[in-house]
There are 2 protein chains.
Amino acid sequence: MPTDAIETLLALAQAHATVTRAIEVQGLSFAELRLLLVLRAAQPHGRRPTELAREVLLTPSGVTRALLPLEKRGIVERERDPDDARASQIRLTTAGVTLLDDALIPAGERASKLLRRLSLGQTKQLQRLLEEIGR
Amino acid sequence: MPTDAIETLLALAQAHATVTRAIEVQGLSFAELRLLLVLRAAQPHGRRPTELAREVLLTPSGVTRALLPLEKRGIVERERDPDDARASQIRLTTAGVTLLDDALIPAGERASKLLRRLSLGQTKQLQRLLEEIGR
DNA sequence: GACATGTACTTGACTCATCAAATATCATCC
DNA sequence: GGATGATATTTGATGAGTCAAGTACATGTC
């Protein structure tokens, strides 16, 4: 009785639950991995917390709290903006880059395992379809 | 630099974040909706908490806690199993069925809106691909 | 028929993320 | 050069879920 659209979103939720349970490596959750990958794409300049929030779909306060343990572990660092005292730039530390690279190896393996029933073409197709959701 | 598999899973996480933010209706979160839909499929018999956990990919303790507000609101009810005093059956109340039916209308609309860039065929295809994840 | 082991939950402590409010700073307009 | 309002971020209270341990009952074994 749920519509096709809802059924598809249910499958999405199910898949997401499976993925977050499976991918967790070097003490990094899948959500943290996501954040760090955005930061690596932003090297060497870094990103503002607000931009991070938009890019990983967290609230700004969610970002503040997500960064806390990462800063404490020396994975990311913060530089206050000299021109705007409210703002700061977040970037990966050297150790953070290394850790991320290390983490990506087992993470990639687990990701492949999760998608092992799909061909490469289907995987790309899935990605394209997912990217159409919401806009 | 992340693999194709990881990129696809990132798209999945992004899509999931979009969906959970968008679908919330009659004070029911998307996660609650998911639970109630399983329960509706299980009518009139109901389901054990443990079965629910497996079906929506929560831990048993997550189910206990998810049911608490739903019981309080009279949306689901619990019947102790006379043959096994540890166990119980959870089922939708009449009010719960009504509420769920009401909620599904706007939820369906929002779901369609989220998927509006996909044809019906693509939506079904997306669902099939998602169902292959993890097994 | 008592004991060991297993099953069905529930609870306590904790993490993660949200919302709303607070804080601090910047930008504009007069 | 203040007052007014927007922007960047943090904080307090709270909801949602996890894991590990606890409770209560069932089951199989000798």
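Sequence lines set the chain letters: A, B, ... in the order given, protein chains first and strands last, and positions in each chain run from 1.
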How long is the line joining CG of A/Asp84 and P of D/dT9, in whole Å?
8 Å

Donor-acceptor pair between A/Arg40 and A/Gln43 side chains, under 3.5 angstrom
no

Working to the nearest 0.5 Å, report the span between CG of A/Leu114 and CZ of B/Arg135.
8.5 Å

Residue met sooner reading DNA chain D from 5', once B/Leu57 and A/Val63 are mapped to nucleotides:
A/Val63

Touch check for A/Thr50, heavy atoms < 4.0 angstrom, all strands: base, sugar-phosphate only, or nothing?
sugar-phosphate

Nucleotide range of DNA chain C contacted by chain B, 5' to 3', under 4.0 Å to a heavy atom?
C/dG6 to C/dT18

Would you classify A/Ser88 as touching base, sugar-phosphate or nothing, given that sugar-phosphate means primed atoms plus P, OP1 and OP2, and contacts are heavy atoms under 4.0 Å?
sugar-phosphate

With sugar-phosphate meaning primed atoms plus P, OP1 and OP2, does B/Asp81 contact a base, only sugar-phosphate, or nothing at under 4.0 Å between heavy atoms?
nothing

Distance only, no hydrogens: is a donor on one side chain within 3.5 Å (strictly under) of an acceptor on the other, for A/Gln14 and B/Arg34?
yes

Considering heavy-atom distances to DNA chain C, does A/Ala85 or A/Leu58 have its closest nucleotide positioned more toward the 5' end?
A/Leu58

For A/Ala31 and A/Pro82, find the nucleotide of DNA chain C closest to each by heavy atoms; which residue's nucleotide sits nearer the 5' end?
A/Ala31

Using a 3.5 Å distance criterion without hydrogens, assess whether the side chain of B/Arg80 forms a donor-acceptor pair with backbone atoms of B/Ser88.
no

Could you check whether any side-chain N or O of A/Thr93 sits under 3.5 Å from a backbone N or O of A/Glu77, counting only pairs where one atom can act as donor and the other as acceptor?
no

Is the base of D/dG12 touched by the side chain of A/Arg65 through a donor-acceptor pair closer than 3.5 angstrom?
yes

Does any N or O donor sit under 3.5 Å from an N or O acceptor when you compare the side chain of A/Arg86 with the base of D/dT9?
no

Straight-line distance of B/Leu118 CG to A/Asp4 CG, nearest 0.5 Å:
12.0 Å

Taking CD from A/Glu51 and P from D/dT7, how many angstroms apart are they, rounded to a whole number?
15 Å

Counting any heavy atom closer than 4.0 Å, what does B/Pro60 reach on the DNA or RNA strands: base, sugar-phosphate only, or nothing?
base

